[in-house]
Amino acid sequence: AFTWIETENTEPNLTFASGVSAKGEKLVSLGYLGDIMNGPFLGFGIESEDTDMLRMSNGVCIKRSADIMERNLLRLFYEIEQGKAYEHRAGGDEEELG
C-alpha cells in the first residue's frame, strides 16, 4: 500500500516513523508501515456523509482527519446502537474547538 519515495526527504516522516537511508550503493529501509503505527481507523477520516466536515477555506480543509474520523465513528456506533439514521445537530462546543 505504501511505496518508497525515490527522492531526497527534506521533512521528517512522523506519521509512519520510518525512513530510507543510503548504505553505499544500496538503500536501507527503517521502520514499520502498518496498523501498529496508524491504527485501523485511517479510512474513516477521509470521506464523510456530512458535507460540513469536508468544507475548505483557502484551499485547506477546515476539519482535521481526526475530526472527520470521530464524526464517522460516532455516526456508525449510533446507527448500530439505535437502529436509526444519525442526524448531527450543529452548535455546541464543536465550534469552539481548534
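Sequential numbering from 1 along the given sequence is applied to the chain's residues.
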Just how far is it from atom NZ of Lys63 to atom CE of Met56, taken to the nearest 0.5 Å? 14.5 Å

In Å and rounded to the nearest 0.5 Å, what is the CG to CD distance from Asn72 to Glu47? 9.0 Å

In the structure I gave you, are the side-chain heavy atoms of Asp50 and Ile68 within less than 4.5 Å of one another anywhere? no

Are Phe44 and Glu70 close enough that some pair of their side-chain heavy atoms sits under 4.5 Å apart? no

Is it true that Asp52 and Arg71 have a side-chain N and a carboxylate O under 4.0 angstrom from each other? yes

Flag the pair Arg64 and Asp67 as a salt bridge only when some basic side-chain nitrogen lies within less than 4.0 angstrom of an acidic carboxylate oxygen. yes

Which heavy atom of Tyr86 sits nearest a heavy atom of Glu79, and at what distance? N-OE2, 3.2 Å

For a quick test of reading the model, state the closest non-hydrogen atom pair linking Ser48 to Leu54 and the distance between them. O-CD1, 3.7 Å

Should Ile80 and Met69 be regarded as members of a common hydrophobic cluster, given that ILVMFWY residues are connected when their side-chain heavy atoms come within less than 4.5 Å of each other, either directly or indirectly? yes

CD/Gln82: more than 12 non-hydrogen atoms of other groups inside 6.0 Å: yes

Output yes when a side-chain donor or acceptor of Ser65 lies under 3.5 Å from a complementary backbone atom of Gly45, and no otherwise. yes

